[in-house]
Amino acid sequence: MKIGKKINELVVGERLQITEKIEDKDLLLYLGLTNDSNPLYIQHDYAAETSYKKPIVPVIMLNGIITSAISKHMPGPGSHIREQHLTYLEPVYHYETIEILFEVQQIDLNLNIVDIYVSAIKDKNVQVIEGIIKVLPPN
């Protein structure tokens with residue numbers, strides 16, 4: 001496998017955008033792997049009685065999509081997340097499509113760390129996630 005971008009190959013303002021549709025198969029796989037039985041994530045009858053009105057996607061699953069994009073694309077294979085500060089502004093529901101934007105915001109050559117701004121939207125204008133992830137690119 002090809003190694004990802006090293007710190008001197010990244011530039012402030014560099015961007016990556018991915019689109020993900022949340023399907024039942026993905027949710028069931030996540031819930032099975034984590035043994036998470038929160039009815040808010042899968043039971044329509046239960047969720048209908050909550051303020052959400054229908055099942056929502058677990059935020060840790062959304063976080064997994066984000067960290068996977070960092071591992072695969074920017075900086076890519078060999079990178080390691082050191083720190084993350086993400087705010088989940090709105091719920092994401094089953095079958096929704098989210099667009100996630102990653103942007104290199106700051107590069108610290110001395111510490112070999114990159115700050116990547118993350119923003120996700122659904123329905124073309126509803127922001128659902130915002131934050132910063134500090135990444136150590138491959139050496």
Side-chain angles (χ1 to χ4, degrees):
M1 175 173 265
K2 184 182 174 196
I3 196 156
K5 290 184 176 182
K6 296 182 179 185
I7 197 157
N8 60 349
E9 298 172 308
L10 295 164
V11 294
V12 171
E14 184 173 345
R15 292 177 157 210
L16 168 70
Q17 184 168 337
I18 65 167
T19 302
E20 288 283 333
K21 183 171 185 178
I22 309 300
E23 300 283 352
D24 277 346
K25 64 177 178 53
D26 305 316
L27 286 157
L28 291 173
L29 182 60
Y30 163 79
L31 294 172
L33 286 172
T34 61
N35 198 25
D36 189 340
S37 59
N38 186 341
L40 182 59
Y41 299 147
I42 200 71
Q43 293 179 11
H44 292 267
D45 292 344
Y46 178 88
E49 300 297 321
T50 71
S51 60
Y52 299 107
K53 302 299 180 203
K54 52 188 175 180
I56 64 172
V57 177
V59 296
I60 197 68
M61 185 176 164
L62 298 171
N63 192 29
I65 293 168
I66 290 168
T67 59
S68 174
I70 288 171
S71 292
K72 291 190 290 189
H73 305 293
M74 189 169 81
S79 59
H80 175 67
I81 294 174
R82 166 61 72 69
E83 189 177 322
Q84 50 189 330
H85 301 274
L86 299 174
T87 303
Y88 300 91
L89 303 163
E90 293 289 331
V92 175
Y93 296 100
H94 295 205
Y95 308 112
E96 286 192 307
T97 299
I98 57 172
E99 294 177 27
I100 307 170
L101 173 68
F102 301 84
E103 184 174 343
V104 175
Q105 196 169 57
Q106 184 175 347
I107 299 172
D108 187 327
L109 294 170
N110 293 327
L111 295 176
N112 190 47
I113 198 158
V114 179
D115 290 1
I116 298 176
Y117 171 76
V118 178
S119 175
I121 61 169
K122 67 179 186 178
D123 301 328
K124 300 292 182 204
N125 64 354
V126 177
Q127 189 169 23
V128 294
I129 302 170
E130 182 176 47
I132 298 287
I133 298 183
K134 293 183 178 286
V135 180
L136 298 169
N139 290 349

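Since we're looking at a predicted model, the values are computed, not measured. Computed over heavy atoms, backbone and side chain alike; hydrogens, waters and symmetry mates excluded.
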* Which residues satisfy the salt bridge (charged side-chain N to carboxylate O under 4.0 Å, His left out) test with Lys124, sequence neighbours excluded? -> Glu99

* Specify the closest pair of heavy atoms between Tyr117 and Ile132, including all atoms of both residues, with the distance to one decimal. => CA-CD1, 3.8 Å

* **Minimum side-chain heavy-atom gap Ile81-Ser71 below 4.5 Å** => no

* To do: Taking all non-hydrogen atoms of both residues into account, name the closest pair between Gly4 and Glu9 and its distance.
  => O-OE1, 4.1 Å

* Do the side chains of Tyr93 and Ile22 get nearer than 4.5 Å, heavy atoms only? -> no

* Do Lys6 and Asn112 come close enough that some side-chain heavy atom pair is under 4.5 Å? -> no

* Report yes if some heavy atom in the side chain of Val104 is under 4.5 Å from a heavy atom in the side chain of Val11; otherwise report no. => no

* **Beyond-backbone contact of Phe102 with Ile133, side-chain heavy atoms, under 4.5 angstrom** => no

* Asked: Do Gln84 and Asn63 come close enough that some side-chain heavy atom pair is under 4.5 Å?
  -> yes

* What about Leu101 and Ile66, same hydrophobic cluster or not, with Ile/Leu/Val/Met/Phe/Trp/Tyr joined at side-chain heavy-atom distances under 4.5 Å? -> no

* Structure fact -> What one should report as the nearest heavy-atom pair of Asp26 and Lys21 is OD2-O, 3.9 Å

* Asked: Which value, rounded to the nearest 0.5 Å, describes the distance between Ile121 atom CD1 and Gln17 atom CD?
  -> 7.0 Å

* Between atom NZ of Lys134 and atom CD of Gln105, what is the distance when rounded to the nearest 0.5 Å? -> 9.0 Å

* Asked: If two hydrophobic side chains count as joined below 4.5 Å and joins carry through other members, does Leu136 share a cluster with Leu86?
  -> no

* To do: Kindly compute the distance separating OH (Tyr95) from CG (Leu27), expressed to the nearest 0.5 Å.
  => 8.5 Å

* Asked: What is the distance from atom CG of Leu29 to atom CG of Asp24, rounded to the nearest 0.5 Å?
  -> 12.5 Å

* Asked: Is any side-chain heavy atom of Ile116 closer than 4.5 Å to a side-chain heavy atom of Leu16?
  -> no

* Going hydrophobic residue to hydrophobic residue with side-chain gaps under 4.5 angstrom, can you get from Val12 over to Ile113? -> no

* To do: Answer yes or no: is there a side-chain heavy-atom contact under 4.5 Å between Pro75 and Ile70?
  => yes

* Taking Lys122 for the side chain and Pro91 for the main chain, is one N or O donor matched with an acceptor at less than 3.5 Å? -> yes

* Structure fact -> Rounded to the nearest 0.5 angstrom, the CE-OG distance for Met74 and Ser79 is 10.0 Å

* So if you build clusters from Ile, Leu, Val, Met, Phe, Trp, Tyr with side-chain heavy-atom gaps below 4.5 Å, do Leu31 and Ile60 land together? -> yes

* Who are the side-chain contact (heavy atoms from CB on, under 4.5 Å) partners of Pro55, not counting sequence neighbours? -> His44, Ala47, His94

* To do: Evaluate the criterion side chain to side chain contact (heavy atoms under 4.5 Å, CB included) for residue pair Ile56 and Tyr41; output intermediate values, then yes/no.
  => CA-CA 5 Å; Ile56 64 172; Tyr41 299 147; 4.0 Å; yes

* To do: Evaluate whether atom CG of Asp45 has more than 12 neighbouring non-hydrogen atoms of other residues, nucleotides or ligands under 6.0 angstrom away.
  => no

* To do: Could you please spell out the steps behind the side chain to side chain contact (heavy atoms under 4.5 Å, CB included) verdict for Val126 and Leu89?
  => CA-CA 9 Å; Val126 177; Leu89 303 163; over 6 Å; no

* Between NZ of Lys54 and CD of Glu96, what distance do you get to the nearest 0.5 Å? -> 6.0 Å

* **Criterion side chain to side chain donor-acceptor pair (under 3.5 Å) against Ser119, the qualifying member of Gln127, Glu130, Glu103** => Gln127

* Is a side-chain donor or acceptor of Asp108 paired with a backbone partner of Leu111 at a separation under 3.5 angstrom? -> yes

* Is Leu109 linked to Leu10 within one hydrophobic cluster, defined over Ile, Leu, Val, Met, Phe, Trp and Tyr using a side-chain heavy-atom separation of less than 4.5 Å? -> yes

